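Here the structure comes first, spelled out in structure tokens, and everything after it is commentary.
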Amino acid sequence: MAKRPVARVLPESRLPQLDRVFDYVVPDGMDAPVGCRVKVPIGRSAKLHTGFVLERLESSDFGGELSPIDQVLSPVSVLTDEVLESAKALAKRQAGGVADVLRLAIPPRAVRVEKKWLEATREAPIIPSPPAAPEAMSSADWERLSRPGEKTVWHLRHGVAGSTPHGYADIAALATEHLAHERSVILVVPDWRDISLMEQALLSHLQEEHLVVFSSELTPSEHYARHLQCLEGRPVVVLGSRHAVYAPVSQLGAIVVVSDGDDAHREPLAPYPHTRDVALIRAEQTGCSVVLAGWTPSIEAVRFIEMGYFGETRVSMSSRPRVFPTRLALHGSDDPAPGRLPSAAFAAAKEALRTGPVLVQVFRAGFAPGLVCTDCGARARCSECGGPLAQSDAGSPASCAWCQHLHARFHCAECRGGAVRPSGQGVGRTVTELGKAFPGVPVVRADGEHRLATVPGKPALVVATRGAEPVADGGYHAALLLDGAAMLQRSSLDVLEETLSGWEWAVSLLKHDAVAYLTDIDGPVATACAAGTGVSLLSDELRERTSLRLPPAVRIAAIEGPAAVVEELVRDVSTHDGVDSLGRSRLEGTAVREIVRMPYRIAPEVAELLRAAVVRDALSGRRGARLRVRMDDTRALDQLADGAL
DNA sequence: AGCACGCCGACT
DNA sequence: GTCGGCGTGCTC
């Protein structure tokens, strides 16, 4: 008989009732190491399920007879101990399943890639020498950032060198510092553009073999290849978007989350963990440091600092370019110039365009994001689903922003009018108008559909939606920040944070002596941005949320399902001290969603209760919509504000 | 999920 | 009498 003939297996299933371990017999001669993928029978089902071997045991405490493992899919231990422990902790925190977390952390197996990897012989890589500390950084800050175990909010430098933001160059230096001490580093950035920029920055310090890049464009098998690379045991620098935070590297020294306030760090798949939370859990598990890096801190980062949980690097404002809110200007006229620009901004752009590129940041994607009836001004809505109609390009037909239904012809539901006109402006229309306002100047468009990481340092108008701004070689010679008012009008909990960070990123892309113009907004946010005191505004916001008991001062859980089931569960959790409901909204059919809030202190207890209820509900065999729970979903809170019962 | 077991209606 | 409807329960 083989040593430890029992294998404890976790099925790769999204079903809450199957998210637990089952014991199996390992047949003689089968090699099923801990962490490998196996195929096992589950219940009376004819087909086999895949799962992970979590443990090997001498014997099982299961009363009945054990089934044998059918097959070892691959003997590679793709699930490491540390990732498993992190996944368990994360599942607990999010009131979700361990298997759900593992689905995010471990890519599906690719046979050919694996075969090649198993056959390859690898040489020990050269360890780089430590880099010099970035200029303008105190040695205390640098030591703090490089020391494992620390938690730090890193205020990045403004400006660019070539096509690399200074901030990204500094992060690359930090990664090199860790690697020089034979520690791995994970760099998690919001999106494709940041991966591309950061990869450039890293390659100026490191060899390609030190780097493992998880870009979103990878095929599944390439993704699996990167996963295997992390398992080789040598220290590496991992760079990628949110899934990279799970990379199974060894000797983890630091996880750097870049722009942790960016929406892209929220996982849209169950159990909806945020990159920042995954990083903190892995830090608990490994003792690595966590660095939240950006040009404006997230409101969560501000909370961490104020709690004393995180330290922060010294803020240096000396390198920050000037921000000029045209509406607050005391001198000059503010008559609109062509292309929706105040005259001061128009003149400055014209001047800057003589020598280099000018960034125009707009809020909305598409050509005309909102359409209204020409006759009565009512919002044009989709006849199929009631969603708002929009136009993505000049000349393209109107389509529904929700269901994508095309509306070649339009009939206003209010007045029977048959024509629409745009209200508000998207990139497309701004591009068209600026083209006319600045004749002879090339206009470059950058948005979700026209993706650009960099542009040359030559005169051009670069019109970009917020978040899609390319880096200009040598920095922009001016920036026009449009649509500030529209951004702040939105009724989301995150408006302040998103508005500030959107502007600050644009400011960071300027040449050191260039100016950013805030064109259509005044008030405290514009004033703070101009003065570079956005952080104190966030701090005020946090204080307000604390008194209102809103996230991130408290945690929330969205509970969805049939009204009766939700009601009972909410009643149940509300018996805990400090747990109460923020309101209920109706979903499709008879389902409802109720949001409860709770202090951090008792959130683990509540999460456990919620998870138990979900498992019970799934097991109950009741027909109809299942009970679902989603922790810390602030978007659900926004929706609640829009349509509470 | 997927499958079997089980307990009531119309049927060769 | 029994074939088969799908409500109920469990999966090592």
Side-chain angles (χ1 to χ4, degrees), chain A residues 1-75 77-79 81 84-85 87-88 91-92 94-106 108-109 268-272 560-566 568-569 588-591 608 610-630:
Chain A
M1 205 55 178
K3 268 258 176 82
R4 298 185 188 278
V6 174
R8 189 150 276 181
V9 174
L10 176 76
E12 286 189 86
S13 163
R14 281 125 316 191
L15 298 170
Q17 63 271 40
L18 293 184
D19 194 75
R20 58 191 184 86
V21 288
F22 296 88
D23 289 350
Y24 291 87
V25 172
V26 182
D28 263 347
M30 181 184 274
D31 180 28
V34 169
C36 79
R37 271 197 169 104
V38 291
K39 274 202 142 140
V40 290
I42 288 193
R44 293 181 262 254
S45 171
K47 69 175 187 197
L48 301 162
H49 275 69
T50 71
F52 295 103
V53 174
L54 302 194
E55 273 180 278
R56 289 293 298 266
L57 305 165
E58 274 313 324
S59 64
S60 168
D61 51 11
F62 178 63
E65 198 187 328
L66 302 186
S67 297
I69 288 179
D70 183 79
Q71 191 194 155
V72 175
L73 274 179
S74 96
S77 293
V78 287
L79 171 58
D81 278 356
L84 173 61
E85 291 311 311
K88 282 182 184 167
K92 255 191 184 152
Q94 301 297 118
V98 178
D100 284 333
V101 178
L102 294 184
R103 189 162 53 102
L104 304 174
I106 304 173
R109 174 173 181 247
L269 298 174
Y272 319 103
E560 280 179 32
V565 182
V566 172
E568 198 201 329
L569 183 54
E588 277 169 50
T590 60
E608 196 181 341
L610 293 173
R611 178 63 184 172
V614 168
V615 174
R616 224 181 309 122
D617 180 76
L619 221 34
S620 77
R622 180 182 52 71
R623 311 250 272 116
R626 300 258 68 110
L627 181 67
R628 297 195 304 180
V629 167
R630 194 163 165 163

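These figures come from a predicted structure and were not determined experimentally. Lettering of chains follows the sequences in order, A, B, ..., and the numbering in each one begins at 1.
When heavy atoms are screened at a 4.0 angstrom cut-off, Glu65(A) is found touching the sugar-phosphate backbone but no base atom. At the heavy-atom level, Arg20(A) lies under 4.0 Å from base atoms of the strands shown. At the heavy-atom level, Leu66(A) lies under 4.0 Å from the strands shown only through sugar-phosphate atoms. Residue-level contact check: Pro11(A) touches neither bases nor backbone, having no heavy atom under 4.0 Å from any strand. Residue contacts shown for Phe62(A) include a base, since a base heavy atom lies under 4.0 Å away.
The nearest heavy atom of DNA chain B to Ala618(A) and to Arg44(A) marks one nucleotide each, and the one closer to the 5' end goes with Ala618(A). DNA chain C is contacted by both Ser620(A) and Asp23(A); Ser620(A) maps to the nucleotide lying nearer its 5′ end (nearest heavy atom per residue). With DNA chain C read from its 5' end, the first of the two nearest nucleotides for Val21(A) and Gly621(A) is the one closest to Gly621(A).
Nearest heavy-atom pair across Ser67(A) and Pro41(A) is CB-CG, 4.0 Å.
Taking atom CZ of Arg14(A) as the reference point, atom C1' of dA1(B) lies 9 Å away to the nearest angstrom. Rounded to whole Å, atom P of dA1(B) lies 11 Å from atom NE2 of His49(A). Distance Arg616(A) CZ to dC10(C) P: 15 Å, rounded to the nearest Å. Rounded to whole Å, atom P of dA1(B) lies 14 Å from atom CD1 of Ile42(A). Look at CD on Gln17(A): it is 11 Å from C1' on dG2(B), rounded to the nearest Å. The interatomic distance linking Arg626(A) (CZ) with dA1(B) (C1') rounds to 11 Å, in whole Å. Atom CG of Leu619(A) and atom P of dT11(C) are 9 Å apart (whole Å). Separating the CG atom of Asp617(A) from the P atom of dG9(C) is a distance of 13 Å, rounded to the nearest angstrom.
Of the candidates dT11(C), dC12(C), dA1(B), dA1(B) carries the atom nearest the Leu15(A) side chain, counting heavy atoms from C-beta on.
Side-chain contact check for Val98(A) versus Leu10(A): some heavy-atom pair is nearer than 4.5 Å.
With respect to Asp19(A), the side-chain contact (heavy atoms from CB on, under 4.5 Å) criterion is satisfied by exactly one of Arg14(A), Glu12(A), Arg611(A): Arg611(A). The side-chain contact (heavy atoms from CB on, under 4.5 Å) with Leu73(A) is formed by just one residue from the set Thr50(A), Val78(A), Val38(A); it is Thr50(A).
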Note, DNA chain C 5' to 3' with Watson-Crick or G-U pairs under 3.5 Å encoded as ( ), [ ], | and . gives |||||||||||.
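The backbone N or O of Leu627(A) sits less than 3.5 Å from a side-chain atom of Asp617(A), completing a donor-acceptor pair.
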Does the side chain to side chain contact (heavy atoms under 4.5 Å, CB included) test come out yes or no for Asp61(A) and Asp23(A), once each step is laid out?
-> CA-CA 9 Å; Asp61(A) 51 11; Asp23(A) 289 350; 4.2 Å; yes
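The 12-atom threshold is exceeded at CD of Gln71(A), counting heavy atoms of other residues, nucleotides or ligands nearer than 6.0 Å.
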